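Note that these values count all heavy atoms, side chains included, but never hydrogens, waters or copies made by symmetry. This is a predicted model, so every value here is computed, not measured.
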Amino acid sequence: MTHRVTVKVAGLQPVQLLAGLAGIAFIVFGVVGFTRTGVGDWAAQSYVLGFSVNPLHNLVMVAIGVLGLLMALGSGLARLYGWLLFAGFAALFVWDLMITGILAQNPAEQYGNPLAVNTNDNWLHLGLAVFGLLLAVMPARRKLIEEEEPVVPEPRSEAFRDERVRDERVEPAVTPVANTQPITKEHAVVDPKTERVSKDKIKH
């Protein structure tokens, strides 16, 4: 009996759990932001734990959170979610530096500050980009599974099969041939003990 060892992903992955928790955190942050800014005036601006928010900022956070919950259903999707967080918040961090004047030149100055970011938001976005990178490269938890391969019977040789076929053939029955020669009187009076012809018993 031979054994085959395979490696498979073992149950719920840590990356899925972290992606789901991150999704919940984004949704909570966005909902709390809506309680501060409301949903009617998109120009309204407020603060949540020192971070500047507006309705558009809150909507983006809720959308990112819902996406995180959906992509936490699979380990591969959870890692893809990490790459999306890394790429999105890294680009947003660079743009934040331009908006807040930390970088000298802002090529997107004509777009203004649609998310109402401040300096605290800059470092929050940097931290979220690093968190996304950690999700993307987090190793999977795997386990070894040992399986027994079924024993396949060896094919029999042609000589063995030919011999078996010959054994299974039915030999024709041999029918005794009747003696067609006439029985003489000597044959009829043969003494079974001596196998001699008793001439005295021959009747002419």
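The only option from Asp96, Ile99, Asn54 that meets the side chain to side chain contact (heavy atoms under 4.5 Å, CB included) definition with Asn113 turns out to be Ile99.
Taking hydrophobic clusters as Ile, Leu, Val, Met, Phe, Trp and Tyr residues chained together by side-chain heavy-atom distances below 4.5 Å, Val39 shares a cluster with Val48. Note: the hydrophobic cluster containing Val15 also contains Ile24 (ILVMFWY, side chain heavy atoms under 4.5 Å, direct or indirect links). In the hydrophobic clustering of ILVMFWY residues, with side-chain heavy atoms under 4.5 Å counting as a link, Leu49 and Ile27 come out together. By the criterion of side-chain heavy atoms lying less than 4.5 angstrom apart, applied directly or through intervening Ile, Leu, Val, Met, Phe, Trp or Tyr residues, Trp95 is not grouped with Val130; the two fall into different hydrophobic clusters. By the rule that hydrophobic residues join a cluster once side-chain heavy atoms approach within less than 4.5 Å of another member, Leu21 and Val66 end up as members of separate clusters.
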- request: Quick one: do Tyr81 and Ile64 satisfy side chain to side chain contact (heavy atoms under 4.5 Å, CB included)? Show the steps, please.
  value: CA-CA 9 Å; Tyr81 180 66; Ile64 294 174; 3.4 Å; yes
- prompt: Val31 and Met61: side chain to side chain contact (heavy atoms under 4.5 Å, CB included), yes or no, with the steps?
  reply: CA-CA 9 Å; Val31 171; Met61 290 296 169; over 6 Å; no
query: Would Leu85 and Leu128 satisfy side chain to side chain contact (heavy atoms under 4.5 Å, CB included), going step by step from the backbone distance to the final call?
result: CA-CA 7 Å; Leu85 290 181; Leu128 293 175; over 6 Å; no
message: Between Thr37 and Gln45, is the side chain to side chain donor-acceptor pair (under 3.5 Å) condition met? List the steps.
response: CA-CA 6 Å; Thr37 62; Gln45 181 178 353; over 6 Å; no
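Note on ring orientation: taking the six-membered ring where Trp is involved, the planes of Phe89 and Phe26 are parallel (angle under 30°, cut-offs 30° and 60°).
Between Arg79 and Met138, the shortest heavy-atom distance links the atoms NE-O, 3.0 Å. The two atoms that bring Asn58 and Phe34 nearest to each other are ND2-N, 3.3 Å, heavy atoms only. Minimum heavy-atom separation, Pro55 to Gly38: CG-O, 3.7 Å.
A distance-only check finds no donor-acceptor pair linking the side chain of Ser52 to the backbone of Val117 [under 3.5 Å]. The backbone N or O of Ala72 sits less than 3.5 Å from a side-chain atom of Gln16, completing a donor-acceptor pair. Under a 3.5 Å cut-off, the side chain of His125 and the backbone N or O of Phe93 do not form any donor-acceptor pair. Arg36 places a side-chain N or O within donor-acceptor distance of the main-chain N or O of Tyr47, the cut-off being under 3.5 Å. Using modelled atom types, one side-chain atom of Asn120 and one backbone atom of Gly50 make a donor-acceptor pair closer than 3.5 Å.
Taking CG of Leu80 as the start and CG of Leu135 as the end, the distance is 11.0 Å to the nearest 0.5 Å. Rounding to the nearest 0.5 Å places CG of Leu126 at 9.0 Å from CG of Asn122. A distance of 12.0 Å separates CZ in Phe131 from CG in Leu124, rounded to the nearest 0.5 Å.
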